[in-house]
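One structure is given below, encoded as structure tokens.
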Amino acid sequence: MEVARLKPRQQGDLGELSAMDWLTSKGANVFKPVFHSPNIDLVAEVEGGLIRVEVKTSSHRRNDRWGVLISTRGGNRSWSGLVKYFDPGRCDFLFVHVGDGRRWFIPTQALECSSGLTLGGPKYAEFEIEPGRALLIPELESGADPGGVPKRSTGAPCKGAGSAFAGSNPASPIKPPRAAPFRPNKFERKLGKGGCAVINQKRRVTLPNRAVVEAGLRNGDRLEVRADHPGRIVLEKAGLPLWAEPE
């Protein structure tokens, strides 16, 4: 089916409106820079703190994945050939709105790319939020009546409303299904309940099962790692802030 695509400026404006609408629905006060800002699109005050938000939109879909460009190449006339890659230090969150209305609110420290990313799969699924309006509007086929059923069709529509997203391309839930908990390996059983871990030559660490279970972590969870002070490393589950969790 053919779709009507918006102009880049229109699409970007709708993305910012979508971000402002979602942020205010979470109780945030939203501010927009008065003049052009190369690093952020919005500033939001939420729970007594300020966050910097950059907004991106995408209408490029391949199968059930959406490609999102986060680097900057300038306009057709002004581009000097230099690419400005995404720097996670210039903002706190990346808000993404794609063609079918799905949206993500990703902490920039969780991004593993600087040029582009692919959304719609398991990666970054924990940062998906409530969907918004679609950016791509289906165009009616020639000869279709106002109900959307071609005149040559004499029966009911091919799919009912309840099965619109069934089949080989189901709609992804806001949150991925939870996986099974960790199981202790042979090395951990030898250590007992002490909760010890060893850093190997490639900086890989096997987390003790007891600590993982008590922290409520599961297979596939993404962890943020930071050094607290010499000799101490803190692991925290990466995800949406509590105020941003889908209702």
Side-chain angles (χ1 to χ4, degrees), residues 3-47 49-62 65-76 78-79 83-121 123-137 172 174 222 238-247:
V3 294
R5 295 182 181 273
L6 300 172
K7 295 181 179 179
R9 180 62 61 86
Q10 294 175 319
Q11 182 172 298
D13 289 343
L14 285 178
E16 291 187 8
L17 287 174
S18 174
M20 289 187 283
D21 177 68
W22 179 78
L23 286 167
T24 53
S25 73
K26 298 299 181 180
N29 296 317
V30 182
F31 307 90
K32 183 172 175 56
V34 176
F35 302 109
H36 172 70
S37 174
N39 296 327
I40 59 174
D41 295 305
L42 302 172
V43 176
E45 180 187 19
V46 57
E47 294 188 344
L50 295 177
I51 57 173
R52 301 164 298 170
V53 181
E54 182 165 350
V55 180
K56 295 293 183 181
T57 61
S58 174
S59 59
H60 300 286
R61 183 175 184 174
R62 184 175 183 181
R65 302 289 188 268
W66 295 90
V68 183
L69 183 67
I70 60 175
S71 61
T72 303
R73 290 172 169 81
N76 293 333
S78 61
W79 186 35
V83 178
K84 181 181 179 182
Y85 292 101
F86 185 84
D87 179 8
R90 74 189 191 197
C91 59
D92 304 304
F93 288 91
L94 179 68
F95 183 96
V96 181
H97 189 137
V98 299
D100 62 355
R102 293 172 68 182
R103 302 185 293 185
W104 288 260
F105 190 62
I106 308 174
T108 55
Q109 297 301 322
L111 293 172
E112 300 176 357
C113 54
S114 60
S115 180
L117 67 157
T118 301
L119 297 175
K123 193 169 185 179
Y124 304 117
E126 64 266 37
F127 304 115
E128 187 170 359
I129 58 176
E130 300 90 341
R133 61 171 291 184
L135 299 179
L136 301 178
I137 305 174
S172 298
I174 294 298
R222 189 188 304 269
L240 290 171
L242 292 179
W243 59 266
E245 288 285 347
E247 298 178 355

Any donor-acceptor pair under 3.5 Å from [X] side chain to [Y] backbone:
X      : Y      : result
Ser58  : Gly67  : yes
Asp41  : Val55  : yes
Thr24  : Met20  : yes
Lys26  : Pro246 : no
Arg103 : His97  : no
Ser114 : Tyr85  : no

**Message:** Checking Phe93 now: which residues fulfil ring pair (Phe, Tyr, Trp, His ring centres under 6.0 Å) with it, not counting sequence neighbours?
**Reply:** Phe105
Check whether any side-chain heavy atom of [X] sits under 4.5 Å from a side-chain heavy atom of [Y], and report yes or no.
X      : Y      : answer
Glu47  : Leu242 : no
Asn39  : Lys84  : yes
Cys91  : Ile40  : yes
Glu130 : Ser25  : no
Leu14  : Thr57  : no
Phe127 : Pro107 : yes

**Request:** For Arg52, check salt bridge (charged side-chain N to carboxylate O under 4.0 Å, His left out) against everything at least two apart and list the hits.
**Result:** Asp92
About how many Å separate [atom2] of [Y] and [atom1] of [X], when rounded to the nearest 0.5 Å?
X      : Y     : atom1 : atom2 : result
Leu111 : Phe86 : CG    : CZ    : 5.5 Å
Ile106 : Lys56 : CD1   : NZ    : 12.5 Å
Glu16  : Gln11 : CD    : CD    : 12.0 Å
Asn29  : Leu50 : CG    : CG    : 10.0 Å

**Request:** Would you name the heavy atoms of Phe95 and Ser18 that are closest together and state the gap between them?
**Result:** CZ-OG, 3.6 Å
**Which atom of Trp66 lies closest to which atom of Ser59, heavy atoms considered** = CZ3-C, 3.7 Å
**Message:** What verdict does the side-chain contact (heavy atoms from CB on, under 4.5 Å) test give for Leu23 and Val46, after you've listed the backbone C-alpha separation in whole Å, the side-chain angles of each residue and the deciding distance to 0.1 Å?
**Reply:** CA-CA 9 Å; Leu23 286 167; Val46 57; over 6 Å; no
**Prompt:** Which of these, Leu117, Leu94, Val96, sits in a side-chain contact (heavy atoms from CB on, under 4.5 Å) with Tyr124?
**Reply:** Leu117
**Asked** Is there a side-chain contact (heavy atoms from CB on, under 4.5 Å) between Arg61 and Asp100 once you walk through the steps?
**Response** CA-CA 9 Å; Arg61 183 175 184 174; Asp100 62 355; 4.2 Å; yes
